[in-house]
Amino acid sequence: MKADSGLLEIYERLLTAYGPQKWWPAETPFEMMVGAVLTQNTSWTNVERAIAALRSRGLLDPAQIVGCDEASLAETIRPSGYFNQKAHRLKLLADFYLEQSSLAGLKRLPQPRHALLTLHGIGPETADSILLYALGMPVFVIDAYTRRIFTRLGLIPPDTTYHTLQALFEANLPAEVPLYREYHALIVMHAKAHCRSRPACDDCPLSGDCPVAHQAASLRSR
DNA sequence: GGCCAGGTGTAAA
DNA sequence: TTTACACATGGC
């Protein structure tokens with residue numbers, strides 16, 4: 001693995017380029033958790049429509065989600081795509097949330113990550129997003145953007161596993177929640193600004209005016 | 001019209 | 001252990 005503590009320098013460049021993102025965009029921790037499920041392989045604009053629909057029906061509440069009909073829940077979140085799957089996943093998540101007597105109980109679990117991963121439809125990224133943004137635990141979130149950007153920068157092989165990439169970040173950054181939150185948000189911001197297309201894009205991170213390209217070049221040469 | 005989006009679970013090779 | 005596919009809407 002070529003990347004090292006220069007990850008912090010890349011962070012500084014992103015922060016300078018884009019400014020603080022102040023993630024996660026949600027009014028409550030539970031809303032954040034709902035958003036984490038709804039955004040699975042889905043653009044955030046579509047998720048916003050679904051969340052607005054949930055809000056207007058008073059469904060941004062675990063008890064309301066548990067109590068409501070799954071078919072009508074699915075219809076409510078239709079704009080977010082995969083609505084049948086996600087309706088089921090939201091019900092499981094809301095049920096789990098109530099079982100733990102809300103956020104405090106969730107935090108008190110000995111292995112909150114493992115507990116989340118046992119829920120059908122909660123994978124590593126969704127679980128870690130919840131840990132970082134809802135529970136305030138120092139867990140670095142890896143997503144498709146993270147892998148794409150750092151692969152294109154030449155810092156990791158494209159097939160680097162979730163766990164390996166996460167360990168790379170966590171081993172080379174101070175375990176600070178605000179830093180982890182902001183870094184992940186900036187990665188998403190940067191990806192949306194510079195490399196939206198899948199195989200490659202000409203003006204992406206490797207181009208001369210990219211705010212992280214220069215830093216990446218110095219990392220590769222070490 | 002085709003590709004893509006802040007993944008996850010399942011099944012076949 | 002790897003690879004392929006289903007799930008689905010809306011923007012560009």
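Lettering follows sequence order; numbering is per chain, from 1.
Residue A:Arg78 has no polar side-chain atom (N or O) positioned under 4.0 Å from OP1 or OP2 of C:dC7. Regarding contacts with the backbone of C:dA8, every side-chain N or O of A:Arg49 stays at 4.0 angstrom or more from both OP1 and OP2.
Using P as the reference atom, C:dC5 and B:dC4 are 16 Å apart when rounded to the nearest Å. As rounded to the nearest Å, C:dG10 and B:dT8 have P atoms that lie 22 Å from one another. Using atom P as the reference point in both C:dA6 and B:dC3, the two lie 15 Å apart (nearest Å).
A:Thr126 comes within contact range of the sugar-phosphate backbone alone, with a heavy-atom separation under 4.0 Å but no base atom that close.
In the set C:dC7, B:dT8, C:dT9, C:dC7 carries the atom at the smallest distance from any side-chain atom of A:Gln85. For A:Arg89, taking side-chain heavy atoms from C-beta onward, the closest of the listed nucleotides C:dG10, C:dT9, B:dG7 is B:dG7. Closest to the side chain of A:Phe83, from the set C:dA8, B:dG7, C:dG10, is C:dA8.
Regarding A:Lys86, its NZ atom lies at a distance of 12 Å from the P atom of C:dG10, rounded to whole Å. Distance CD1 (A:Ile77) to C1' (C:dG10): 15 Å, rounded to an integer number of Å. Following rounding to the nearest Å, A:Asn84 (CG) and C:dC7 (C1') show an atom-to-atom distance of 9 Å. Straight-line distance from the NE2 atom of A:His163 to the C1' atom of B:dG7: 19 Å, rounded to whole Å. The CG-P distance, from A:Leu54 to C:dT9, rounds to 16 Å in whole Å. Computed from coordinates, the A:Asp159 CG to C:dT2 C1' distance equals 11 Å when rounded to whole Å. Here the C1' atom of nucleotide B:dG7 and the CE atom of A:Met33 are 17 Å apart, to the nearest Å. The CG-C1' distance, from A:Leu90 to B:dT8, rounds to 14 Å in whole Å.
Under 4.0 Å is where a charged nitrogen must lie from a carboxylate oxygen, and between A:Lys22 and A:Glu182 no such pair does.
A:Val177 and A:Pro138 get closest at one heavy-atom pair: CG2-N, 3.7 Å.
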Worksheet item: Between A:Arg89 and A:Gln40, does a side chain to side chain donor-acceptor pair (under 3.5 Å) hold up when you go through it step by step?
Response: CA-CA 11 Å; A:Arg89 292 173 182 185; A:Gln40 289 171 354; 2.7 Å; yes

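Taking the ring centroids of A:Tyr11 and A:Tyr180, they lie at or beyond the 6.0 Å cut-off. Aromatic ring centres of A:His184 and A:Phe140: separated by at least 6.0 Å.
Listed for the A:Lys91 side chain is a donor-acceptor partner under 3.5 Å among the backbone atoms of A:Ile65.
Defined by atom type and a distance below 3.5 Å, a donor-acceptor pair is present between the side-chain atoms of A:Thr164 and A:Thr161.
Contacts between residues 116-125 of chain A and DNA chain B, counted as heavy-atom distances below 4.0 Å, involve A:Leu119, A:His120, A:Gly121, A:Ile122, A:Gly123, A:Pro124, A:Glu125.
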